Amino acid sequence: MTVTRFAPSPTGYLHIGGLRTALFSWLTAQHDKGEFLLRIEDTDMARNSEEAKDAILKAFEWVGMSHDGEVVYQSKRFSLYTKYINQLLAEGKAYKCYMSKEELSILREEQMAKKERTRYDGRYRDFEGTAQEGVEPVIRIKAPQEGTISFKDGVKGEINIASSEVDDFVIARADGSPTYNFVVAIDDALMGLTQVIRGDDHLYNTPKQIVVYEALGLNIPDFYHVAMINNEQGKKLSKRDGATDVMDYKTMGYLPEALLNFLVRLGWSHGDQEIFSLAEMIALFEPQNINKSSSNYNLDKLLWLNAYYIKNSSDEALISLLKDFGVDLTANPKASVLLNATKERAKTLVELSAQIKLIAIAPTAYDEKSTKKAFKGEAKAILSTFADMLMLASPTSKEAYHSVMEKIVAEKEIGFGKIGMPLRVSLLGSMTGSGLDEIMFILGVEETIARIDKAIASIG
RNA sequence: GACCUUUUCAUCUAGUGGCCAAGGAUAUUACGUUUUCAACGUAAAAACAGAGGUUCAAAUCCUUUAGGGGUCGCCA
């Protein structure tokens, strides 16, 4: 059975790039009807935070990617790791290293000076004398000293790294706590991972982890290293490039399905298809089709997708989503018309709520440019006549409002713009926005006339 | 600096030696539609990183140069 995982360290919020790798893993598991596990990598006690962990879990909940089984915390598995460390020590596959941090940094400086890749020189690998006093040893694993470490990456193909590039790295710190590359290999194996899908910043960790798998005789999963997401200029994505926290997208009014659709198309595609429902993604996604090259983050496409998903969301869904944006349409009998009038011109829920508020709240100011253009000549007289006609007709449908407009256009022998422009400014305060007949229907006769009167009175 | 990796329109991508004088999408521009703004429709503009090779034939295979990204912790 396919088993994949996402394994964040709880040192901050869930990053947009992290969400994409998680999505790829999640989709792989769903596609194969396997399991998607979540593991919190909290071996570094100094840097972990409970809030960060909760934030990550919350982000997963928001996008609707659920994990199977219990969340695994590495901090709760230390005794397990210690057991393996002792085993390797007993088997002579790992050893205590008494090199001090100072000595290490001197070694590094020397190597830098010689323009070499910095690495531990293995000086305690076969050490048998008496340990020097005052240095608590770290434990290093014996990595192969000759040949190459090879593995097949599902994305990048065959990867060969010379053993000389991989040193005897630390598997347990001086205080006895295990390190990242050691515990990752153990957990991935013990959790039954079949495919490890992760960012390609881990590519160089893979040979190290293979050393661990082999020393412990554990099964090696298939690896898929996904290239990073960069900013639009192709540079590393940073906070300056806009939102990197997944939850920021919620507050900015994005729908989770739009975000996931956007992310799945970064580094993956299926022919010419752009829109993928969750079900389609699951049916079509296969990790072998992930692209090798890194992709650039581009907000325009996300906005377009978000607009698409807003336009195609049901009224009920939108009403529920809008509650977080200060708009409650639950009891509004005209909610459907209101949403129809607004959802085609909103790219985000923030914009949608603004559109709705624009209609719901009478304008307190009128856009200067618009008034200048709309309120010249006969405008006030036409508006006033129109108000009278509305009163008389008291329309009760969108169409009926439209008829009144048609009537005044015919009677006064004017173009639609002559009534449309000043009316729009009166109702909304500017010359952009939804259809007038819809707006008037939503407002009702009384409010429509009130806004017209107010505009006539206050526009000089 | 060493090692690994990557390179098709501004951006996401299709493309696995002939279906490619390179297709789709976003963004841009124009036109249409509309009382306005959108949405929508139609159209335009826009790329195989450079240089060598292999081949009857190269975006696709090879060599090399250049650019980008990653890694070099008792962080994860």
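Below, chains carry the letters A, B, ... as their sequence lines are ordered, and counting in each starts from 1. All values derive from a computational prediction rather than experimental measurement.
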Worksheet entry | A:Arg265 side chain to A:Phe276 backbone, donor-acceptor under 3.5 Å | no

Worksheet entry | Euclidean distance for C1', B:rG50 against B:rG68 (whole angstrom) | 15 Å

Practice prompt. Verify the distance criterion only: is there a donor paired with an acceptor across the side chains of A:Gln74 and A:Asp187 at less than 3.5 Å?
Written response: yes

Fill in: Any donor-acceptor N/O pair, A:Asn306 side chain to A:Leu255 backbone, under 3.5 Å
yes

Worksheet item: When the C1' atoms of B:rU33 and B:rG41 are considered, how many whole Å apart are they?
Response: 8 Å

Worksheet entry | Donor-acceptor pair between A:Tyr224 and A:Ser25 side chains, under 3.5 angstrom | no

Item to complete: Let me know which of A:Tyr249, A:Tyr297, A:Tyr13 forms a side-chain hydrogen bond (donor to acceptor under 3.5 Å, both in side chains) with A:Thr244.
Response: A:Tyr13

Item to complete: Evaluate whether atom OH of A:Tyr73 has more than 12 neighbouring non-hydrogen atoms of other residues, nucleotides or ligands under 6.0 angstrom away.
Response: yes

Worksheet item: Within less than 4.0 Å of OP1 or OP2 of B:rA14, is there a side-chain N or O belonging to A:Asn291?
Response: yes

Worksheet item: CD of A:Glu165 versus C1' of B:rG1: gap in Å, rounded?
Response: 12 Å

Worksheet entry | Gap in Å between the two C1' atoms, one belonging to B:rA47 and one to B:rC9, rounded | 4 Å

Worksheet item: Is there a donor-acceptor contact under 3.5 Å linking the side chains of A:Asn261 and A:Tyr309?
Response: yes

Discussion item. Closest approach to the side chain of A:Ile159, judged atom by atom: which nucleotide of B:rU5, B:rU26, B:rC12 is it?
Written reply: B:rU5

Discussion item. Heavy atoms only, 4.0 Å cut-off, all strands: where does A:Lys208 land among base, sugar-phosphate and nothing?
Written reply: nothing

Item to complete: Please state the P separation for the pair B:rU26 and B:rU35 - nearest whole angstrom.
Response: 26 Å

Discussion item. Between A:Glu378 and A:Lys418, does any side-chain N to carboxylate O distance fall below 4.0 Å?
Written reply: no

Worksheet item: Relative to the ring of A:Phe151, is the ring of A:Phe223 parallel (under 30°), tilted (30 to 60°) or perpendicular (over 60°)?
Response: perpendicular

Worksheet item: Is any side-chain nitrogen or oxygen of A:Lys301 closer than 4.0 Å to OP1 or OP2 of B:rU13?
Response: no

Worksheet item: So which of residues 94-110 of chain A are in contact with RNA chain B, with a heavy-atom cut-off of under 4.0 Å?
Response: A:Met99, A:Lys101, A:Leu104, A:Arg108

Practice prompt. Please work out which residues in residues 360-368 of chain A have a non-hydrogen atom less than 4.0 Å from an atom of RNA chain B and list them by number.
Written response: none

Discussion item. Using the C1' atom as the point on both nucleotides, what is the distance between B:rC4 and B:rA46, in whole Å?
Written reply: 34 Å

Worksheet item: Which one is paired to B:rC48, where only Watson-Crick or G-U wobble pairs with both distances under 3.5 angstrom count?
Response: none

Fill in: Summary of side-chain hydrogen bond (donor to acceptor under 3.5 Å, both in side chains) pairs that have at least one residue in residues 142-159 of chain A, sequence neighbours excluded
A:Arg125-A:Gln145, A:Ser150-A:Asn160, A:Asp153-A:His225, A:Lys156-A:Asp200

Could you pull out the protein-nucleic contacts involving nucleotides 33-37 of chain B (nitrogen or oxygen on both sides, under 3.5 Å)?
| from | atom 1 | to | atom 2 | distance (Å) |
| --- | --- | --- | --- | --- |
| B:rU35 | N3 | A:Arg424 | NH2 | 3.3 |
| B:rU35 | O4 | A:Leu436 | N | 3.0 |
| B:rU36 | O2' | A:Met431 | O | 2.6 |
| B:rU36 | O2 | A:Arg424 | NE | 3.4 |
| B:rU36 | O2 | A:Arg424 | NH1 | 3.3 |
| B:rU36 | O2 | A:Met431 | O | 3.2 |
| B:rU36 | O2 | A:Gly433 | N | 3.1 |
| B:rU36 | O2 | A:Gly433 | O | 3.3 |
| B:rU36 | N3 | A:Arg424 | NH1 | 3.4 |
| B:rU36 | N3 | A:Arg424 | NH2 | 2.8 |
| B:rU36 | N3 | A:Gly433 | O | 2.8 |
| B:rU36 | O4 | A:Arg424 | NH2 | 3.4 |
| B:rC37 | O2 | A:Arg345 | NH1 | 2.8 |
| B:rC37 | O2 | A:Gly433 | O | 3.3 |
| B:rC37 | N3 | A:Arg345 | NH1 | 2.3 |
| B:rC37 | N3 | A:Gly433 | O | 3.4 |

Practice prompt. Please confirm whether any donor atom in the side chain of A:Asn298 sits under 3.5 Å from an acceptor in the base of B:rA10, or the reverse.
Written response: no

Worksheet item: With distance as the sole criterion, is a donor-acceptor pair present between the side chains of A:Asp175 and A:Ser177 under 3.5 Å?
Response: yes

Discussion item. I need the single residue from A:Tyr95, A:Tyr124, A:Tyr120 that forms a side-chain hydrogen bond (donor to acceptor under 3.5 Å, both in side chains) with A:Asp168. Which is it?
Written reply: A:Tyr95

Discussion item. What's the gap between B:rG70 and B:rA76 when it is taken at their C1' atoms, as a whole Å value?
Written reply: 15 Å

Practice prompt. Classify the nucleic acid contact of A:Glu274 as base, sugar-phosphate or nothing, counting any heavy atom under 4.0 Å across all strands shown.
Written response: base

Worksheet item: Charged N to carboxylate O under 4.0 angstrom, A:Lys114 versus A:Glu110?
Response: no

Nucleotide N/O to protein N/O under 3.5 Å, stretch nucleotides 17-23 of chain B:
| from | atom 1 | to | atom 2 | distance (Å) |
| --- | --- | --- | --- | --- |
| B:rG23 | N2 | A:Asp272 | OD1 | 3.2 |

Discussion item. Once rounded to the nearest 0.5 Å, what's the spacing between atom CD1 of A:Ile310 and atom OG1 of A:Thr342?
Written reply: 9.5 Å

List, with names and distances, any nitrogen or oxygen atoms from the protein found under 3.5 Å away from nitrogen or oxygen atoms belonging to nucleotides 62-70 of chain B.
| from | atom 1 | to | atom 2 | distance (Å) |
| --- | --- | --- | --- | --- |
| B:rG68 | O2' | A:Gly234 | O | 3.4 |

Worksheet item: side chain to side chain contact (heavy atoms under 4.5 Å, CB included) with A:Arg5: which of A:Ile197, A:Asp188, A:Leu38?
Response: A:Asp188

Worksheet item: If you measure from the P atom in B:rU65 to the same atom in B:rU55, how many Å do you get, rounded?
Response: 23 Å

Worksheet item: Taking N and O atoms by type only, does the side chain of A:Gln273 place a donor or acceptor under 3.5 Å from a partner on the base of B:rG24?
Response: no

Worksheet item: Mapping A:Arg140 and A:Lys311 to their closest nucleotides on RNA chain B, which lands nearer the 5' end?
Response: A:Lys311

Worksheet entry | A:Lys343 (side chain) and B:rA39 (base): donor-acceptor pair under 3.5 Å | no

Item to complete: In whole angstrom, give me the gap between the P atoms of B:rG23 and B:rC37.
Response: 33 Å

Practice prompt. For A:Val170, report the nucleic acid contact type (base, sugar-phosphate, nothing); a contact means any heavy atom under 4.0 Å.
Written response: sugar-phosphate

